[in-house]
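Reading through the structure tokens given below for one structure.
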Amino acid sequence: MDIQKKIKELEYIQTERNNKIFTMYLNTDLSDPDQQGGEWKIHLKNGMRNFEQYLEEGDNKEELANFREVKQKVEDYIKEYEKSLMRGLIVFATADETVWFAERVQMRLDDEFYWQETPELNQLKILGEKYPQTGIILVQQNYIKLLDTNLNMLKETVDYELDVEEETWRIMQGPRQGNSTTGLGSGNLQKDHFEARYEANQQRWYKSIAGKIDKQAKDRNWKKIFIVGEAPASKELSNQMNKNIDEVILKNMLEHEESKVMHEVLA
């Protein structure tokens, strides 16, 4: 989800009369001490019941029917995705489905429920500011890995490896094979040969990949960029890129799980 684009879409929506918009932010984080017994289900039930009782007392049959229609859609969605819920759930919905947006997110939310002519966007805007589309660039000599993230979730990874003999960076297909140095074979002699060439050519090698990463950042609309890796590789790549780098983290995390990297960088 492009959160800024979604906010712009929702900002200009206003319904009329009985066709109101349901907004829900629901904390479904099972790691939350207050959620160990699935309390989010109780919060959901109570939130829905409060609206339903209020509308029943108002004796507006059309609006009540619309709310119940939305309630059923939300309950059906949750039933379908309950086993794959993350830390939070955001919903915007109308009975006629002119508005329907449901997103499971990897951030804890404050429970909020609204039934009104406009969507309530405050929490969504806060998330957009705190977790924009972000690129994490992992660097380790002849290997670079891009993590494309949004809303604290991994969207895609792109892996580049340098063919040292041809001095060409290639997008890798399939799993990485250890600490290979493409084109050099294996053994101490080849490793020493690579280290010598790396020292002599690292500036030129990173300059040749920097433009490709700049393009990835532009195409993916990254609002923040982090480079993670040991010096001098991470610093050299930062110097060669045209895009602004928010932070260079001098830590080798290329072999770590993506979720651990994201927690380290984005927490």
Side-chain angles (χ1 to χ4, degrees), residues 1-2 106 131-267:
M1 173 181 63
D2 185 331
Q106 197 63 282
Y131 301 102
Q133 293 186 193
T134 299
I136 302 174
I137 305 168
L138 303 173
V139 189
Q140 188 185 87
Q141 292 189 326
N142 65 311
Y143 199 91
I144 293 173
K145 183 173 188 175
L146 311 183
L147 306 185
D148 184 24
T149 76
N150 187 30
L151 288 179
N152 206 27
M153 291 186 289
L154 181 65
K155 294 169 61 182
E156 190 178 3
T157 64
V158 181
D159 299 69
Y160 292 95
E161 189 166 19
L162 177 69
D163 185 316
V164 178
E165 294 306 316
E166 297 189 13
E167 296 191 332
T168 301
W169 291 91
R170 293 195 174 97
I171 292 180
M172 297 297 297
Q173 303 294 331
R176 182 176 177 227
Q177 300 299 317
N179 292 314
S180 66
T181 50
T182 303
L184 285 181
S186 59
N188 292 333
L189 182 61
Q190 286 84 0
K191 188 174 186 300
D192 291 342
H193 177 52
F194 168 76
E195 294 293 344
R197 292 190 64 178
Y198 178 78
E199 290 295 327
N201 296 287
Q202 60 178 296
Q203 184 178 46
R204 182 163 55 86
W205 287 350
Y206 290 132
K207 184 176 182 179
S208 69
I209 187 67
K212 294 180 180 180
I213 300 177
D214 280 330
K215 187 176 187 305
Q216 289 273 9
K218 179 181 178 181
D219 292 345
R220 297 174 184 275
N221 197 28
W222 287 346
K223 299 296 190 297
K224 288 187 176 182
I225 301 176
F226 297 89
I227 293 180
V228 183
E230 294 177 344
S234 54
K235 289 185 176 180
E236 187 61 51
L237 180 61
S238 175
N239 292 336
Q240 295 298 335
M241 287 181 62
N242 290 323
K243 287 287 187 179
N244 179 62
I245 307 301
D246 291 84
E247 186 179 357
V248 176
I249 300 172
L250 298 179
K251 189 172 183 179
N252 185 1
M253 299 193 72
L254 188 64
E255 306 295 340
H256 293 201
E257 290 288 334
E258 287 91 347
S259 58
K260 184 175 181 179
V261 175
M262 291 171 61
H263 179 77
E264 178 89 12
V265 176
L266 302 176

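Residue numbers count from 1 along this sequence.
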(message) I'd like to know whether Tyr160 forms a side-chain contact (heavy atoms from CB on, under 4.5 Å) with Leu146, so could you lay out the CA-CA distance, the side-chain angles of the two residues, the decisive distance to 0.1 Å, and finally the verdict.
(response) CA-CA 8 Å; Tyr160 292 95; Leu146 311 183; 3.8 Å; yes
(message) Quick check: closest heavy atoms across Tyr206 and Ala233, and the distance to 0.1 Å?
(response) OH-CB, 3.2 Å
(request) State the CG-CG distance between Leu147 and Leu266, to the nearest 0.5 angstrom. (result) 9.0 Å
(message) Is there a side-chain contact (heavy atoms from CB on, under 4.5 Å) between Val265 and Thr134? Walk through the geometry before answering.
(response) CA-CA 10 Å; Val265 176; Thr134 299; 6.0 Å; no
(request) Heavy atoms only: give me the nearest Gln133-Arg220 pair and the separation to one decimal. (result) NE2-O, 2.6 Å
(request) Find the distance between CG (Leu254) and CD1 (Ile137) and round it off to the nearest 0.5 Å. (result) 12.5 Å
(message) How long is the straight-line distance from CD of Glu264 back to CZ of Phe226, given to the nearest 0.5 Å?
(response) 11.5 Å
(message) Distance check, rounded to the nearest 0.5 Å: Ile136 atom CD1 versus Met253 atom CE?
(response) 9.0 Å
(request) Can you measure from CG (Leu154) to CD (Gln106) and round to the nearest 0.5 angstrom? (result) 11.0 Å
(request) Look up atom CE in Met172 and atom CD in Glu161, then write down how far apart they are to the nearest 0.5 Å. (result) 4.5 Å
(message) Evaluate Lys224 against Glu247 for side-chain contact (heavy atoms from CB on, under 4.5 Å), listing each step before the verdict.
(response) CA-CA 9 Å; Lys224 288 187 176 182; Glu247 186 179 357; over 6 Å; no
(request) Please report the closest heavy-atom contact between Asn221 and Lys223, naming both atoms and the distance. (result) ND2-NZ, 2.7 Å
(message) Please list all pairs meeting side-chain hydrogen bond (donor to acceptor under 3.5 Å, both in side chains) that have one or both residues in residues 225-236, counting only residues at least two apart or in different chains.
(response) Glu236-Gln240
(message) Between Asp246 and Ile225 (side chain of the first, backbone of the second, donor and acceptor by atom type, cut-off under 3.5 Å), is there such a pair?
(response) yes
(message) When you compare the side chain of Gln202 with that of Pro232, does any pair of heavy atoms fall below 4.5 Å?
(response) yes
(message) Restricting to side chain to side chain donor-acceptor pair (under 3.5 Å), what partner residues turn up for Asp214, sequence neighbours left out?
(response) none
(message) Checking the side chain of Trp205 only, and the main-chain atoms of Gln141 only, is there a donor and an acceptor separated by less than 3.5 Å?
(response) no
(message) Under a 3.5 Å distance rule, please check whether Lys212 uses its side chain to pair with a backbone N or O of Trp169 as donor and acceptor.
(response) yes
(message) With heavy-atom distances below 4.5 Å as the criterion, would you say the side chains of Gln140 and Lys145 are in contact?
(response) no
(request) Determine, stepwise, if the pair Trp222 / Asp148 fulfils side-chain contact (heavy atoms from CB on, under 4.5 Å). (result) CA-CA 8 Å; Trp222 287 346; Asp148 184 24; 2.7 Å; yes
